[in-house]
Amino acid sequence: MNKLLIATNNQGKIAEFQELLAGSGIEFVTPAQINLQLEVEEDGSTYQENAAKKAVAFAQASGLISLADDSGLEVNALDGAPGLYSARYSPKPGAKDADRRAFLLANLKDKPRPWTAHFHATIAVAMPGGEIEFAEGNCYGEIIPEERGTGGFGYDPVFLLTDMGKTMAELGMEEKNKISHRARAALAAMPILKAMFKN
Ligand code: ITT
């Protein structure tokens with residue numbers, strides 16, 4: 001049977017997709033497992049364009065059906081920033097997740113709370129022949145001014161799930177995978193994947 005390639009270089013996403021796909025009956029591999037190193041320039045103007053670009057590039061390079069995720073954090077008080085630029089949101093060269101969180105909090109400092117926000121994920125699944133399908137998910141909450149928790153990645157320590165009273169980084173992987181934007185998009189992608197792997 002053909003395998004699904006998890007088409008991302010983000011280790012946090014890889015860990016989550018491995019859990020989300022476990023039990024689906026679909027066999028999957030990571031780029032490292034097939035010795036594939038590919039950096040795709042994310043120059044699209046929508047999540048869908050970037051996700052498609054990544055999925056198609058990985059599918060063409062590997063010959064495998066490939067699942068890419070383009071995601072981001074949208075903060076209302078910042079007019080939706082960092083959004084599409086979430087992975088690059090810091091003026092510091094070589095910035096890491098912690099630098100991007102610090103930059104976000106610095107930009108929000110003088111804005112009235114609550115700093116309502118949501119995470120968005122668009123998944124693109126591409127066949128090596130070019131066929132492509134999409135699925136989306138969102139997760140709503142607010143940004144808080146101090147970091148809490150050690151799980152997840154990216155902006156998770158400052159993203160509070162208001163109803164649960166916990167940040168995304170205070171959830172275990174299993175809990176995050178029940179409610180996150182990526183989990184919701186993966187659930188919506190399941191019928192697409194099942195149809196692609198049927199033959
Ligand atoms: P790939 O393109 O290789 O998949 P990337 O990290 O560059 O990896 P994106 O361009 O989609 O991926 O950027 C998404 C950024 O949004 C990510 O780097 C985080 O900063 C943020 N983000 C997305 N999902 C997140 C999550 O579940 N928790 C925290 N931050 C998240």
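Both counts, for ligands and for their atoms, begin at 1 and track the order of listing.
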Colleague: Relative to the heavy atoms of Asn10, which atoms of ligand 1 are at a distance of less than 4.0 Å?
Modeller: 3 (O), 6 (O), 8 (O), 18 (O)

Colleague: So is Leu73 close enough to ligand 1, meaning a heavy atom under 4.0 angstrom away?
Modeller: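 The answer is no, since Leu73 has no heavy atom less than 4.0 Å from ligand 1.
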
Colleague: Gly154 heavy atoms, cut-off 4.0 Å: which ligand 1 atoms fall inside?
Modeller: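 Heavy-atom distances to Gly154 below 4.0 Å select 29 (C), 30 (N).
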
Colleague: Is there a heavy atom in Arg100 that sits closer than 4.0 Å to ligand 1?
Modeller: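 So Arg100 does not count as touching ligand 1.
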
Colleague: Strictly under 4.0 Å, does any heavy atom of Lys54 approach an atom of ligand 1?
Modeller: yes

Colleague: Should Arg88 be listed as contacting ligand 1, given a heavy-atom distance under 4.0 Å as the test?
Modeller: no

Colleague: Taking atom CD of Gln37 as the centre, report whether more than 12 heavy atoms of other residues, nucleotides or ligands fall under 6.0 Å from it.
Modeller: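 No, CD of Gln37 has 12 or fewer neighbouring heavy atoms, counting only those of other groups under 6.0 Å.
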
Colleague: With side-chain contact (heavy atoms from CB on, under 4.5 Å) as the test, would you mind laying out the steps for Met190 and Leu21 before giving the verdict?
Modeller: CA-CA 9 Å; Met190 230 20 111; Leu21 292 165; 4.2 Å; yes

Colleague: Any pair with a residue in residues 159-171 that passes salt bridge (Lys or Arg N to Asp or Glu O under 4.0 Å), sequence neighbours left out, goes on the list, sorted by first then second residue, please.
Modeller: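 As it turns out, the salt bridge (Lys or Arg N to Asp or Glu O under 4.0 Å) pairs with a partner in residues 159-171, which skip direct neighbours, are Arg148-Glu170, Lys166-Glu175.
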
Colleague: If the cut-off is 4.0 Å to any non-hydrogen atom of Asp70, which atoms of ligand 1 fall inside it?
Modeller: 9 (P), 10 (O), 11 (O)

Colleague: Is it the side chain, the backbone, both or neither of Met168 that has a heavy atom closer than 4.0 Å to ligand 1?
Modeller: neither

Colleague: After noting the C-alpha distance and the side-chain angles of Asp69 and Thr8, does the key distance pass the side-chain contact (heavy atoms from CB on, under 4.5 Å) rule?
Modeller: CA-CA 7 Å; Asp69 159 309; Thr8 173; 5.9 Å; no

Colleague: Which atoms of ligand 1 have any heavy atom of Asn9 under 4.0 Å away?
Modeller: 3 (O)

Colleague: For ligand 1, which part of Phe153 has a heavy atom less than 4.0 Å away: the side chain, the backbone, both, or neither?
Modeller: both

Colleague: Under a 3.5 Å cutoff, is there a donor and acceptor pairing between the side chains of Glu142 and Thr162?
Modeller: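 The criterion, which ignores hydrogens and geometry beyond distance, is satisfied for Thr162 and Glu142.
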
Colleague: Heavy-atom contacts with Lys13 under 4.0 Å: which atoms of ligand 1 show up? List them by number with element.
Modeller: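 Answer for ligand 1: 1 (P), 4 (O), 5 (P), 8 (O), 9 (P), 11 (O), 12 (O).
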
Colleague: If hydrophobic clusters are built by linking Ile, Leu, Val, Met, Phe, Trp and Tyr wherever their side-chain heavy atoms come under 4.5 Å apart, do Met168 and Tyr89 end up in the same one?
Modeller: yes

Colleague: May I ask you to list the atoms of ligand 1 that are less than 4.0 angstrom from any heavy atom of Asp69?
Modeller: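 That gives atoms 4 (O), 11 (O) of ligand 1.
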
Colleague: If you count the atoms of ligand 1 from 1 in the order shown, which ones are under 4.0 Å from a heavy atom of Glu42?
Modeller: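 By the 4.0 Å cutoff, the relevant atoms are 2 (O), 7 (O), 10 (O).
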
Colleague: So if I count the atoms of ligand 1 from 1 in the order they appear, which ones are less than 4.0 Å from some heavy atom of Tyr155?
Modeller: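 Checking each atom against Tyr155, I get 20 (O), 21 (C), 29 (C), 30 (N).
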
Colleague: Identify every side-chain donor-acceptor pair in residues 80-87 under 3.5 Å, counting partners at least two apart or on other chains, and give the distances.
Modeller:
| residue | atom | partner | partner atom | Å |
| --- | --- | --- | --- | --- |
| Ser86 | OG | Leu73 | N | 2.9 |
| Ser86 | OG | Gly83 | O | 2.6 |

Colleague: I would like to know whether Lys53 and Asp70 meet salt bridge (charged side-chain N to carboxylate O under 4.0 Å, His left out); could you show each step before the answer?
Modeller: CA-CA 10 Å; Lys53 219 180 155 195; Asp70 201 59; over 6 Å; no

Colleague: So is Gly72 close enough to ligand 1, meaning a heavy atom under 4.0 angstrom away?
Modeller: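 Gly72: in contact with ligand 1 (<4.0 Å).
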
Colleague: Please walk me through it: do Lys96 and Asp99 pass salt bridge (charged side-chain N to carboxylate O under 4.0 Å, His left out)?
Modeller: CA-CA 5 Å; Lys96 298 205 166 32; Asp99 301 307; over 6 Å; no

